[in-house]
Amino acid sequence: MKPHTEHTPRSERKRRDSFGMFDGYDSCSEDSSSSSSSDESEEEVASLPASLPIIKNNGQVYTYPDGKAGMATCEMCGMVGVRDAFYSKTKRFCSVSCSRSYSSNSKKASILARLQGKPPTKKAKVLQKQPLVAKLAAYAQYQASQQNQAKAKTVVPVEGFDWGRYINSNNFVGAPVTCFKHVPISKCWGDIAEGVRVEVLNTDNNLPTKVYWIAGIVKLSGFKALLRYEGFDNDGSHDFWCNLCDSDVHPVGWCATSGKPLVPPRSIQHKYSNWKAFLVKRLTGAKTLPPDFASKVQECMQYPFKPLMRVEVVDKMHLCRTRVAIVDSVIGGRLRLIYEESEDGSDDFWCHMYSPLIHPVGWSRSIGHRFKRSDVSKKQEGVYDAPADLFLKVKDVDQTGEWFKDGMKLEAIDPLNLSTICVATVRKVLADGYLMIGIDGSEAADGSDWFCYHATSPSIFPVGFCEINMIELTPPRGYTKLPFKWFDYLRETGSTAAPVKLFNKEVPNHGFQSGMKLEAVDLMEPRLVCVATVTRIVHRLLRIHFDGWEDEYDQWVDCESPDLYPAGWCELTSYQLQPPAAQTPRDNQMSVTKPKKKSQQYKGHKKTTTQQLKEELLEGDDFTFLQGVSDQESNGSGSYYIKQEP
């Protein structure tokens, strides 16, 4: 047989797709018992890029850079280390002993030489040992450079709860990251889907150092991905879950450019004789993460709010007013605020930086909202007002024409019982589109339980919204004429309904579906983020159920609420996730003790619901209902408001 003497030029062997895949891989012939198989192997990998050789040593595949800087693999013992700290001119050995052992072992030397495509040498030269100081200095320099490049935040597992196991055992579906506009990397997440390949830690090995292998995404649930190592094909026995924003998840090609070892899992290392040819065939045309994915994640994890900033926030004891609070800490965009008058720092309030409950100092005065002045004799050192441009911007409204008036009726989510939508009244019209709302039948005489909603808030609705969308409306407390009918109630109270056209009717294409899993803030105890489920969708309104808890703790939340997060958010931000309450079989639920109620953050009288209202159309000449829309039509605006006839 004619020996294979022609080699494809390196530039022609380089092969990339639009994602830059295979950049850094090199071809080399596999060890074979026949010349024909060697020739075949050479041709199979001839199209692979050449800047990074892959060496097969004792059944393991390693990668290391062939330049002067970076990492190197000892050709004798297989240890991976800093190249500058290695011995010999070519940096082939980690120590003098390995160099000597290699030179005395002609068999290993011959095998390695043949793998590298070189004739075996008679004896390896032993060079003078480098001083220990030089070795330590080189290693310190390498570590410093790595820290400066990455500064990657390691994902901290949430103790006591495993999203992957929870999803797998129940075949759940997690809401995609693209549903949450306020979370890190959501704007860049669109192309990440099943089938995308990444380089991750290979845990199926017995090596003393970190090694990596390529895996494909089998399933996505929020930030969490079910991965399968390349080579396992349809075998899911070694599948594993990880957070795609973890610092040990990288785009394909990262190992090559970073000098990290790429090693197939031990369980399948003998499945293929030519792993590089396998990777070329498997990965050509596949997608991977963007090369700057890790830096984008870190960039998105930087938040504008800083400790010691002063803000105005709702008074959790009296919803009708605001107080000054100081930012104590920022976790994942969530702020722990300490009320300025709190002496021991225990009087706190949690909310997201995009929450409608916080405002710049001076906001209350500018719109005519109640405000409790701080009685602090000595100001805290270093405290300063948060810039106004950091806060959530509300939509501009025109109050000069037809607008809300005091006494107008509407329906509103009760902030003291977020599982209910109640009959409510506009109590006071403020500036810039803000309204003070009161819940009919349970208001305090001094208005201390009024609460502020903007006119564009998705938490207020026109009269008839609940009935047309088959949602239970909570009537005024003590109202005995049931079932509740708006027409009769407006006539009895001499009131008018707020015009439908004044309400926010925009419904974004949010992407949520009933049954999706997510992490959600318990707004009655806003320091808690819990495992939750979307159980119902009414246009832009989501019914959030806290897993393991009774339905009475459910909360109505807007689809763009900053208090909703994808699975894995707590893990990414190191925020404590509350697992589902202890679950019991449905058959035994009636005989077991109910879960202990979660405490309410807002202190005040909790409203109670009445019997379910019968579904019937309002009678009278003043109102006509349009046809309702089902829960599943979640992304269209629909006709779900009452049409008011002239």
Side-chain angles (χ1 to χ4, degrees), residues 174-183 186 222 314 319 332-334 350-358 392 394 411-422 424 437 439 451-454 456-461 465-466 469 471-474 503-547 549-567 569-570 575 577-578 580 598 600-602 607 609 631 634-635 640:
V177 174
T178 50
C179 292
F180 309 88
K181 309 302 181 186
H182 56 282
V183 303
S186 62
V314 65
L319 300 186
R334 294 195 63 77
W350 282 89
C351 66
H352 194 272
M353 62 182 183
Y354 295 144
S355 170
L357 300 178
I358 61 170
L392 179 70
V394 294
E411 298 175 4
I413 297 176
D414 184 353
L416 292 179
N417 186 4
L418 295 166
S419 66
T420 62
I421 300 178
C422 305
I437 306 294
I439 299 297
F451 49 95
C452 184
Y453 278 140
H454 193 264
T456 60
S457 170
S459 297
I460 59 174
F461 317 96
F465 172 84
C466 284
N469 288 286
I471 299 174
E472 180 180 342
L473 176 67
T474 302
F503 293 85
N504 180 10
K505 293 180 285 293
E506 295 180 4
V507 181
N509 186 19
H510 49 71
F512 285 104
Q513 295 180 12
S514 182
M516 282 183 170
K517 296 292 178 180
L518 69 166
E519 299 174 4
V521 174
D522 178 1
L523 293 171
M524 303 311 297
E525 187 77 37
R527 64 184 177 85
L528 302 180
V529 178
C530 311
V531 175
T533 307
V534 178
T535 58
R536 191 178 177 191
I537 302 173
V538 182
H539 308 289
R540 67 178 300 146
L541 200 60
L542 309 180
R543 180 83 172 182
I544 301 298
H545 174 76
F546 297 103
D547 289 17
W549 294 90
E550 296 177 349
D551 293 346
E552 66 179 284
Y553 300 109
D554 289 1
Q555 297 179 1
W556 287 108
V557 180
D558 182 62
C559 64
E560 294 185 342
S561 168
D563 295 306
L564 303 178
Y565 309 99
W569 178 86
C570 283
Y575 200 101
L577 177 65
Q578 304 300 315
K598 295 179 280 186
Q600 296 185 3
Q601 181 65 46
Y602 296 127
K607 283 63 173 185
T609 59
D631 292 351
S634 58
N635 294 336
Y640 56 95

If you measure only the distance, is there a donor-acceptor pair under 3.5 Å linking the side chains of D554 and S419? no
With no hydrogens and no angle check, is any side-chain donor or acceptor of E411 less than 3.5 Å from a backbone partner on L473? no
Looking at every heavy atom in both P566 and G222, which two are closest together, and how far apart are they? CB-CA, 3.7 Å
Just verifying a value: how many Å separate H182 NE2 and S355 OG, rounded to the nearest 0.5 Å? 11.0 Å
In Å, rounded to the nearest 0.5 Å, how long is the span from CD of Q578 to CZ of R527? 7.0 Å
Test side chain to side chain donor-acceptor pair (under 3.5 Å) on D522 and Q555 and set out the steps. CA-CA 8 Å; D522 178 1; Q555 297 179 1; 2.8 Å; yes
For H539 against V507, the heavy-atom pair lying closest together: C-CG1, 3.8 Å
What distance separates D558 CG from S457 OG, expressed to the nearest 0.5 Å? 7.5 Å
Do D547 and K517 have side chains that approach each other closer than 4.5 Å (heavy atoms only, starting at C-beta)? yes
Is the F461-W556 ring centre distance short of 6.0 angstrom? no
Minimal non-hydrogen separation, P415 against L418, with atom names: CA-CD2, 3.8 Å
Any sub-3.5 Å donor-acceptor pair from T456's side-chain atoms to N504's backbone N or O? no
Rounded to the nearest 0.5 Å, the OG atom of S561 sits from the CG atom of L523 at a distance of 6.5 Å
Would L416 and F451 count as a side-chain contact (heavy atoms from CB on, under 4.5 Å) if you check the C-alpha gap in whole Å, the side-chain angles of each, and the deciding distance to 0.1 Å? CA-CA 10 Å; L416 292 179; F451 49 95; over 6 Å; no
Between R540 and E560, is there a side-chain N and carboxylate O pair less than 4.0 Å apart? yes
Atom pair NE2 (H510) and CG (L564), whose distance is rounded to the nearest 0.5 Å: 11.0 Å
Might you point out which heavy atoms bring N417 and T420 nearest each other, and give the distance in Å? O-OG1, 2.9 Å
Just say parallel, tilted or perpendicular for the rings of H352 and Y565, cut-offs at 30° and 60°. tilted
Determine whether a donor-acceptor pair (N or O, by modelled atom type, separation under 3.5 Å) exists between the side chain of E519 and the backbone of L577. no
Testing the basics here: between D414 and C422, what is the closest heavy-atom pair and its distance to 0.1 Å? CB-SG, 3.7 Å
Restricting to non-hydrogen atoms, name the atom on I537 and the atom on S514 that form the minimum distance, rounded to 0.1 Å. CD1-N, 3.5 Å
Given side-chain contact (heavy atoms from CB on, under 4.5 Å), test R334 with D563 step by step and report yes or no. CA-CA 9 Å; R334 294 195 63 77; D563 295 306; 3.0 Å; yes
Heavy atoms, side chains only, cut-off 4.5 Å: are V534 and I544 in contact? yes
Which of parallel (below 30°), tilted (30 to 60°) and perpendicular (above 60°) describes Y575 and W569? tilted
Determine whether a donor-acceptor pair (N or O, by modelled atom type, separation under 3.5 Å) exists between the side chain of S186 and the backbone of T178. no
Let me see the working for I421 and L541 under side-chain contact (heavy atoms from CB on, under 4.5 Å), right down to the final yes or no. CA-CA 11 Å; I421 300 178; L541 200 60; 4.0 Å; yes
Strictly distance-based, threshold 3.5 Å: is any side-chain N or O of H545 a donor or acceptor partner for the main-chain N or O of W549? yes
Any donor-acceptor pair under 3.5 Å linking the side chain of Y453 with the backbone of I413? yes
Could you go through the side-chain contact (heavy atoms from CB on, under 4.5 Å) check for I471 and R536 one step at a time? CA-CA 10 Å; I471 299 174; R536 191 178 177 191; 3.7 Å; yes
d(L357 CG, L392 CG) to nearest 0.5 Å is 10.5 Å
